[in-house]
Number of protein chains: 2
Amino acid sequence: MTIARTPTRNRGNRRAEILDAAARLFAARGFHGVSIEDIGAAVGVSGPALYRHFAGKEALLAEMLLDVSSRLRESAAAVVTSVATPAASSAETLDALLDVQITFALEQPALITVHDRELGNVPEPHRRRIRRLQRLYVEEWVTVLAELHPGCPAARLRAATHAVFGLLNSTPHSAGELPARDMRPLLRAMARAAVDAAVNVR
Amino acid sequence: MTIARTPTRNRGNRRAEILDAAARLFAARGFHGVSIEDIGAAVGVSGPALYRHFAGKEALLAEMLLDVSSRLRESAAAVVTSVATPAASSAETLDALLDVQITFALEQPALITVHDRELGNVPEPHRRRIRRLQRLYVEEWVTVLAELHPGCPAARLRAATHAVFGLLNSTPHSAGELPARDMRPLLRAMARAAVDAAVNVR
DNA sequence: TCGAGATGTTAGTCACCGTTAACGTAACCG
DNA sequence: CGGTTACGTTAACGGTGACTAACATCTCGA
């Protein structure tokens with residue numbers, strides 16, 4: 001009664017399934033608080049089966065964070081190069097960036113959480129690449145903010161960007177307070193106001 | 001050549017020293033990423049010496065989080081009952097609350113980080129008490145915000161409060177970007193603007 | 001002075017965890 | 001068919017880590 005699937009198809013699904021379950025577990029209990037056995041159990045296989053799909057626990061985390069930071073960075077790059085036509089204002093580009101981050105935070109809360117907590121557990125070959133992608137992502141924001149307010153020192157723009165990420169990424173912790181339908185405009189308004197205030201201090 | 005101290009004095013100092021070191025380590029590597037041996041080494045004693053001061057690793061964490069949430073809740077309560085005289089506006093009370101949280105986030109970044117990440121590792125007798133204190137703290141904020149904007153639904157105020165905490169607590173992660181002297185007014189301005197935006201959505 | 005308490009130490013013990021080994025099974029492909 | 005490949009399983013191994021036991025030292029008060 002099972003539907004036949006190509007091995008490749010199965011493999012990809014299983015990998016994705018594992019990454020998804022692991023993300024949720026890591027977000028809830030931390031990397032070291034989750035065992036290989038836990039992750040296996042969460043997808044219905046048990047323990048060492050994971051080694052058919054990943055080289056190890058750290059490799060699993062590395063792939064997860066690499067995927068997240070790539071997607072964020074790509075989305076931001078796409079926004080900047082497509083929305084930011086000469087006609088579009090920097091303000092509109094910023095709104096588009098905000099939407100990218102808000103969508104991500106609301107739809108993938110576990111991934112966002114792991115993304116900014118567990119980089120320290122990624123071994124060095126991949127760690128640098130992830131750092132690089134994260135930095136590029138931040139720089140997209142800083143560039144747009146700098147266009148929007150040329151007089152503002154870059155250090156303050158960077159700090160403001162991190163603060164806005166903190167605001168938006170706090171969603172996972174306050175989940176359930178408000179339906180996502182209301183959360184999105186709320187976050188957008190708060191983040192927008194915070195950014196405006198940041199470039200206008202003093 | 002060693003200066004004589006009362007045992008009680010020594011004990012208190014050592015306990016505080018351990019809590020401080022543990023907070024930094026937990027913030028950096030997560031509760032399960034830090035060993036008893038690590039904590040001991042950080043204060044110059046080694047391993048099981050900690051059991052002279054704490055019942056165990058979880059008890060240490062419990063005391064740490066209990067202390068943090070008590071202090072936050074007390075500071076907030078003090079602000080509300082002393083600043084919020086009939087003469088003072090709710091806006092001024094809110095600014096005072098903001099200052100409490102900003103000071104805490106800037107001066108005790110490790111504690112703040114552990115405070116909103118590691119509650120899940122506290123065993124049940126104390127977990128409830130910490131949760132209760134955290135909830136009371138949030139409610140102080142919500143009450144002040146509600147006075148400030150009576151029409152706004154409480155759920156949105158709560159969500160906004162959590163978002164502001166996220167903004168302010170992100171400081172530890174962007175540490176070094178900006179000197180604390182500049183960080184404080186920046187955070188104050190951003191948080192103030194975010195709050196105002198939250199109660200005025202739509 | 002001497003016994004008690006506070007505070008260390010080192011040497012175990014025991015559980016858990018990441019990883020590997022050895023082995024089974026079902027599907028696909030020549 | 002028969003063999004390779006994908007994907008599981010259980011059993012073991014080695015390391016680590018929380019916690020305990022047994023033992024030292026130092027200070028202080030009676």
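Chain naming here is simple, since letters A, B, ... match the order of the sequence lines and numbering starts at 1 in each. Remember, it's a predicted structure, so these values are computed and weren't measured experimentally.
- B:E17 has its CD atom 14 Å from the C1' atom of C:dG8, to the nearest Å.
- A donor-acceptor contact shorter than 3.5 Å is absent between the side chain of B:R117 and the backbone of B:G30.
- Distance B:Y51 OH to C:dG8 P: 15 Å, rounded to the nearest Å.
- Between A:E58 and B:S46, it is B:S46 whose nearest contact on DNA chain C lies nearer the 5' terminus.
- A donor-acceptor contact shorter than 3.5 Å is absent between the side chain of A:E58 and the backbone of A:P123.
- A heavy atom lying under 4.0 Å from DNA chain C marks none of the residues of residues 25-33 of chain B.
- Among the protein residues, A:G56 comes within range of the sugar-phosphate backbone only, with heavy atoms under 4.0 Å from sugar or phosphate atoms but none that close to a base.
- If you find the closest nucleotide of DNA chain C to A:A55 and to A:D38, the one lying nearer the 5' end belongs to A:D38.
- Here the side chain of A:D38 pairs a donor or acceptor atom with the backbone of A:S35 at under 3.5 angstrom.
- Distance B:K57 NZ to D:dT20 P: 15 Å, rounded to the nearest Å.
- In this structure, of D:dC23, D:dA18, D:dG8, it is D:dC23 that holds the atom nearest to the side chain of B:R52.
- Of the candidates D:dT20, D:dG8, C:dT9, the closest approach to any side-chain atom of B:V45 belongs to C:dT9.
- Distances shorter than 4.0 Å separate some side-chain N or O of A:R14 from OP1 or OP2 on D:dG8.
- Distances from the side chain of B:P48 to the nucleotides D:dA18, C:dT10, D:dG8 place C:dT10 closest.
- The existence of a salt bridge linking A:R184 and A:D99 is confirmed by a sub-4.0 Å separation between a basic side-chain nitrogen and an acidic carboxylate oxygen.
- B:E118 places a side-chain N or O within donor-acceptor distance of the main-chain N or O of B:F31, the cut-off being under 3.5 Å.
- Straight-line distance from the CZ atom of B:R15 to the P atom of C:dG8: 12 Å, rounded to whole Å.
- In this entry the distance linking NE2 of B:H53 with P of D:dC19 reads 16 Å, nearest Å.
- Taking atom CD1 of A:I36 as the reference point, atom C1' of C:dT20 lies 13 Å away to the nearest angstrom.
- In this structure, B:E37 atom CD and D:dT16 atom P are separated by 12 Å, rounded to whole Å.
- Side-chain proximity of B:A49 to the nucleotides C:dG8, D:dG8, C:dT19 is greatest for C:dG8.
- Salt bridge annotation for A:E74-A:R71: absent, with no cationic side-chain nitrogen under 4.0 angstrom from a carboxylate oxygen.
- For the pair B:R192 (side chain) and B:D95 (backbone), a donor-acceptor distance under 3.5 Å is absent.
- Going from atom CG of B:L60 over to atom P of D:dC19 covers 10 Å, rounded to whole Å.
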